[in-house]
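Below is one structure, written out as structure tokens; comments come after it.
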Protein chains: 2
Amino acid sequence: MSDLLERLRGRGWRMTAQRRVVAEVLDGDHVHLTADEVHARAVTKLPEISRATVYNTLGELVTIGEVLEVSTDKRAKRYDPNAHQPHHHLVCGQCGAIRDVHPVGNPLADLPDTERFGFTVSDVEMTYRGVCPNCAKA
Amino acid sequence: MSDLLERLRGRGWRMTAQRRVVAEVLDGDHVHLTADEVHARAVTKLPEISRATVYNTLGELVTIGEVLEVSTDKRAKRYDPNAHQPHHHLVCGQCGAIRDVHPVGNPLADLPDTERFGFTVSDVEMTYRGVCPNCAKA
DNA sequence: TGCTTGACTTAGACGTTGTCCATTGTAGGG
DNA sequence: CCCTACAATGGACAACGTCTAAGTCAAGCA
Ligand SMILES: [Mn+2]
Ligand SMILES: [Mn+2]
Ligand SMILES: [Zn+2]
Ligand SMILES: [Zn+2]
């Protein structure tokens, strides 16, 4: 996520310790943290960072399209730094583990005109549900 | 949704005015109300019904599989009485209108083994997003 | 290097959604 | 018509998120 910092600088963002830490926390693959999880991890690197700043920064990252909001569970929103490669999600119903997945085919094409009710359809979000290998063992 | 009441009676549910009213409110097609919307409508028919009872009843209906929880928006859960016919959802990004839709094909088959990470995948939930004809006019 | 300033951060109040519990009420069987 | 177990109620509480007023600081400039 080092180039995320570059892109933010390019957009005229002030580079603060708080924003750097949030960007660091969001680094990696299959990362789908809630705002409070981001805050908890950020605090270990920058103890005085506030909840409001984490919420603000995540909101801004979503607005400019650098981070996606996903709602795979019905509780808190999750923040996904993998915004530049379209993908869907596979969720374990027991432990909540989330993996990025890439189904084949074009699901948009699978919605017939007769099922569109006059809508202009632009996007589709797919959430696969199942049980992860870890939970299956137990 | 009159047969919903029948099924509930068959399961040994006590038929109370509150449960009847919640079932009435959930009657119809393309119904996807939040708990508080259900409560607001229930109150017009039975002014003394409490929020707790609406939440309890919806929770029970979900547990026994007569109603589905859907999370098409990132705020409140929505309750869907159309539980016996599998379907997906089409959501207007402007006004939030939700329609039940039936895409063709089998999206489960579109997730290759190499994209399953050892999970046992049992289900997929699809949310199409777009703009409804009403909002497109404005 | 040291100002200046407006963008940024902070703490905590507040709002919304959802859960829990002790008490009160009642559906439905005997 | 009574019992009593099940259901409803209201209000406290919890989780998640938003907002604001006041203080702080990144970054451009003398
Ligand atoms: Mn993802
Ligand atoms: Mn539906
Ligand atoms: Zn698992
Ligand atoms: Zn619309």
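Numbered from 1 within each chain, the chains take letters A, B, ... in sequence-line order.
The shortest distance between the side-chain N/O atoms of A/T16 and the OP1/OP2 oxygens of C/dT9 is below 4.0 Å.
For the atom pair CG (B/L90) and NE2 (B/H102), the distance works out to 12.0 Å, reported to the nearest 0.5 Å.
Within residues 71-79 of chain A, no residue has any heavy atom closer than 4.0 Å to DNA chain C.
Contacts of B/R51 with the nucleic acid, taken as non-hydrogen atoms under 4.0 Å apart, include base atoms.
Not one N or O on the side chain of A/R129 forms a donor-acceptor pair closer than 3.5 Å with the backbone of B/E125. Proximity of a side-chain donor or acceptor of B/H39 to a complementary backbone N or O of B/Y55 within less than 3.5 Å is not detected. Using modelled atom types, no side-chain atom of B/S71 and backbone atom of A/T72 make a donor-acceptor pair closer than 3.5 Å. Between the side chain of B/T53 and the backbone N or O of B/I49, no donor-acceptor pair lies under 3.5 Å.
Distance B/R20 CZ to C/dA27 C1': 10 Å, rounded to the nearest Å. The OH-C1' distance, from A/Y55 to C/dG15, rounds to 13 Å in whole Å. Atoms CG (B/L58) and C1' (C/dT17) sit 13 Å apart, rounded to a whole Å. C/dG12 atom C1' lies 18 Å from atom CD of A/E48, rounded to whole Å. Rounded to whole Å, atom P of C/dA7 lies 17 Å from atom CE of A/M15. Distance B/E60 CD to C/dG18 C1': 15 Å, rounded to the nearest Å. Distance, A/W13 CH2 to C/dT9 C1': 13 Å, rounded to whole Å.
The list of salt bridge (Lys or Arg N to Asp or Glu O under 4.0 Å) pairs with a residue in residues 40-56 of chain A, not counting sequence neighbours, reads A/E24-A/K45, A/D36-A/R51.
When each of B/T34 and A/Q18 is assigned the nucleotide of DNA chain C with its nearest heavy atom, A/Q18 is the one assigned upstream, toward the 5' end.
Between A/H89 and A/H87, the ring center distance clears the sub-6.0 Å criterion.
For C/dG29, its base never sits under 3.5 Å from the side chain of B/R14 at any donor and acceptor pair.
Close approach of DNA chain D to chain A, defined as any atom under 4.0 Å from a non-hydrogen atom of the protein, starts and stops at D/dC16 to D/dA27.
No side-chain heavy atom of A/D73 sits less than 4.5 Å from a side-chain heavy atom of A/V91. Between B/W13 and B/E60, the closest side-chain pair of non-hydrogen atoms falls below 4.5 Å.
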